[in-house]
Participant: 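One structure follows; several queries about it will come next.
In what follows, chains are A, B, ... by sequence order, proteins preceding strands, each numbered from 1.
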Amino acid sequence: MLEVSNLSKRFGALEVTKNVSMHLEKGERRVILGPNGAGKTTFFNQLVGEIIPDSGSIKVDGQEVIGWSVEKRARFGLSRSYQQNTLFDGLTIGESLGLAASVSTSKSMWFWKDALQENDVRAIVKDTAAQVDLDRYLNARVSDVSYGVRRQLEVGLALATQPRVLLMDEPTSGVGPEMIGAFHKLLGRLSRELTILIIEHDMDLAFDVADSMTVLNYGEVVFEGSPEEARESEMLQQIYLGTWEDA
Amino acid sequence: MFYQTSLRSFTLILFALGSIYAAFTAEYFGLEILTEILILAMVVLALDLVAGFGGMVSLCHGALAGVGAYSFAVLGTKFGLDPFISMLIAALVTGVISWIIGAVCSKTHGIYFIMATLAFGQMAYSFVFESSYLGGDNGMAGISRLDMSALGIDLFDARQFALLCLAVLIIAYLFSWRILTSGLGRSLVGLMHNEKRSRALGQNIVQIKAHVFALSGLILGIAGALSAQHIMFISPNLLAWTHSGEALVIVILGGLGTLIGPIIGAAAFVLLKHEISNYTDHWHLVVGAILIIVVMSGARGIYGEIENRLAQKRRKSLVASDVELNKDR
Amino acid sequence: MDLGFWILQLLNALQLSMLLFLLSVGLTVIFGLMHFVNLAHGALYAFGAYVAASVASAMGYWAGVLVAPFAVAVLGLVLYQFLIKRMRSSGPMAQVLVTFGLIFALLDITRIVWGDLALALDVPELLSGRIAIGSVEYPVYRFFVMAVGLTALVVLHLTLTKTQIGAMIRAGVDNDKMAACLGINVERLFFIVFCVGCALAGVAGAVAAPLLSVVPEMGLDILIPTLIVIVIGGLGSLKGAIAGSLIYGFVQTFGAVFAPQLASVMIYVLLAGVLVTRPSGLFPAKGG
């Protein structure tokens, strides 16, 4: 479903992505791990088209998307949630989800009818709100709700576009432990039609939800395998915890 | 998001009734002022559409109305076309040019966007000023008004012309209402709040901005054509950037992003200007001072402030009743 | 068209460029440093011209030219304390509106104080007459204008590159928050830069007065060219100001020779082109 081949990017002398390749099957849940500065978010930015890689290919469902704009990829089904909340602060949660849904139902450019009132759009808003536990907040203003609820909306927006591939950048960043449990449940509710790639720092959550894991360090893939293999790997322990020599 | 609230409808009806009353009680000079207000209201309505709901603060809206005026005048006086057809074509021409400007400027933001529109407006002004075909500095005369004699209406009568302008203004408002509550309008407001996220959701930013700018341009074209018919003479001065500046001032004084606010603002501005001019030659100073005070105080304009206060009162009472309900839990 | 004609055009272009430079350099550094767009800058230039004309009628040209920048700087000081300082963190639209209101207000204040008729300021004895360059005779005064502009360019360049305050200004333009963290009193820097910018506008007005008629609208007339200069040249930099001024001066002057109908449109086409392809201008202070 998602095929990344030899993706490379450098900023001047700094190589932020070194020959990264990745293959995801449909419905797979892949967690991307790596220390800070490993280039995980930069990798995501290249997948969605906010940064243009120097070389390599990205194929979604067999379609090469390099050269496509951010919006074209999003319409094709490659959706992404941000590490920093990137929301519609002046709108309500329902309106925000409605906007996302209106794109996926191709009603976002309609000149005559109100996309937010259309039945299919409202259905998607309702379903997505249920998935991310925002039912109670549909009429609330984004600026009025708590950080945790905004984080849920952050994921909700990406989901409401009915994607094929969902990229989640540290979805639990900044939220408390109860919310992490909620996210775990949320991920469990998501359909296996959806292929998911998650950047995560919370190890418990990562090991719980992952079918497979990729670890990035200094821009390159240093490990790829199952969660069990990751647990055993000495190299990973070194990367995260360092060795006596580094101290 | 835009919603036509009962307050907005009430204000619009009040404005319409007030205009009708004025049309039937005013003398010639009063009718001239009324028509001036109504045509200006169309221009600021079109501006609020893109600025208040799309975040596109345009300083070329006056010039675009001028493009509509000149298109109408040329089609009528140089090509001998029927005024009605000329109006439609003028609206279309202005719409197309507006689409191009909207598309070209779609990647600029903030002060750069404002200056880009200023540049385009000045381009049009310079072009018209230098063009001998368009009469250059001398302008164009001999412009005729619509012929509605088939309906028994004589538009050369000031009162009937004013009422026509009111009717067109109402239609323009309903048109804008329709746009803002459509899929396109919702997308526009979304991208005003967060362009980056809109793009990430799959929205085509260039198209949204260009389409809405074009629709705004249609209104401007009609307003320009009516303006030409009103005075039956046009000059390059119509396209001076100061008119676009004034339009922006009026939108702010009335209430940015309320659609009806700028219309009220237009009435207030024109009436204020004429009132002050009766007492002093220095109405610029008064308007300038008012503008500075309004903007610095963060006020939302005449109508905007009223709407905001009422909304806050309602929220407070909702919270209070919420507290009441929860008291017994 | 002989060599003399071209020399004449060249000199005219240079003179126009230098005048615009005096006006634009203040505005661009103010924008680059304070992110504040001051549409009333043209009104300050007009004020300078009026003060110069008034003072000169009593005490001669040189007194006028010396007093004008001070007067405008004082006006700038007042505006800064009561208006600009508060509007600095507002969005571009609010700044445009407030300074637009200021244009209106200053326009009428000028009318109230000095009336509607044009004032005149005569070229001083010392600078009257013409110099021969080849077959062309060019007014001494216009050379003087060029000299003033050039002097300003040199002084500003040296200040920005060789002095501490210049370094602080450049740092502030680059990253004002970081500069503040380094202990630079950015607020005071803004204030100084603003007043100097106003003084330069005053110099421009005083120096331009003998060439143009001193009328209330002169501020409005020069505003658009100034904005064009700083946007094309690039915001916040001296290099941008001089580049933009030269481009404008030459396009206008030679454009009028080659294609008079299109000359005025051309500069706007150029402006629109720059705004769309390189919104920060040709030589912005940062980024690009």
Participant: Checking A:Ala160 against chain B: side chain, backbone, both or neither under 4.5 Å from a heavy atom?
Facilitator: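 No part of it gets close to chain B.
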Participant: What residue in A:Thr161, A:Asp114, A:Leu157 has the most heavy-atom pairs under 4.5 Å with chain B?
Facilitator: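 If we count pairs closer than 4.5 Å to chain B, A:Asp114 comes out on top.
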Participant: Between B:Lys209 and B:Glu195, does at least one N-O distance fall below 4.0 Å, as a salt bridge requires?
Facilitator: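 Yes, this pair counts.
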Participant: Quick check: under 4.5 Å, non-hydrogen atoms only, which of residues 56-74 of chain A neighbour chain B?
Facilitator: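 The residues closer than 4.5 Å to chain B, in numerical order, are A:Val70, A:Glu71, A:Ala74.
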Participant: Can you say whether A:Gln162 sits under 4.5 Å from chain B via the side chain, the backbone, both, or neither, judging by heavy atoms?
Facilitator: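 For A:Gln162, no heavy atom lies under 4.5 Å from chain B.
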Participant: List for me each residue that meets side-chain contact (heavy atoms from CB on, under 4.5 Å) alongside B:Ile179, sequence neighbours excluded, and say none if there are none.
Facilitator: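 B:Ile179 satisfies side-chain contact (heavy atoms from CB on, under 4.5 Å) with A:Phe111, B:Leu49, B:Phe175, B:Leu215 once adjacent residues are dropped.
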Participant: Relative to chain B, which segment of A:Glu50 carries a heavy atom at a distance below 4.5 Å: side chain, backbone, both, or neither?
Facilitator: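 Only the side chain of A:Glu50 comes within 4.5 Å of chain B.
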Participant: Given heavy-atom pairs under 4.5 angstrom as the criterion, report whether the side chain, backbone, both or neither of B:Val212 touches chain A.
Facilitator: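 For B:Val212, no heavy atom lies under 4.5 Å from chain A.
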Participant: Are B:Phe213 and B:His61, when compared by the centres of their aromatic rings, separated by less than 6.0 Å?
Facilitator: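 Yes.
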Participant: Taking every non-hydrogen pair under 4.5 Å, which of B:Gly190, B:Gly183, B:Ser198, B:Gly185 racks up the most with chain A?
Facilitator: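 If we count pairs closer than 4.5 Å to chain A, B:Gly183 comes out on top.
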Participant: We want to know whether B:Ser9 and B:Gln4 form a side-chain donor-acceptor pair, criterion being a heavy-atom distance below 3.5 angstrom.
Facilitator: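 Note: B:Ser9 and B:Gln4 side chains meet the donor-acceptor criterion.
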Participant: Between B:Glu307 and B:Arg300, does at least one N-O distance fall below 4.0 Å, as a salt bridge requires?
Facilitator: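 Not counted as a salt bridge, because no side-chain N and carboxylate O are separated by less than 4.0 Å.
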Participant: Please flag which part of A:Ser108 lies under 4.5 Å from any non-hydrogen atom of chain B: side chain, backbone, both or neither.
Facilitator: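 Its backbone and side chain both get close to chain B.
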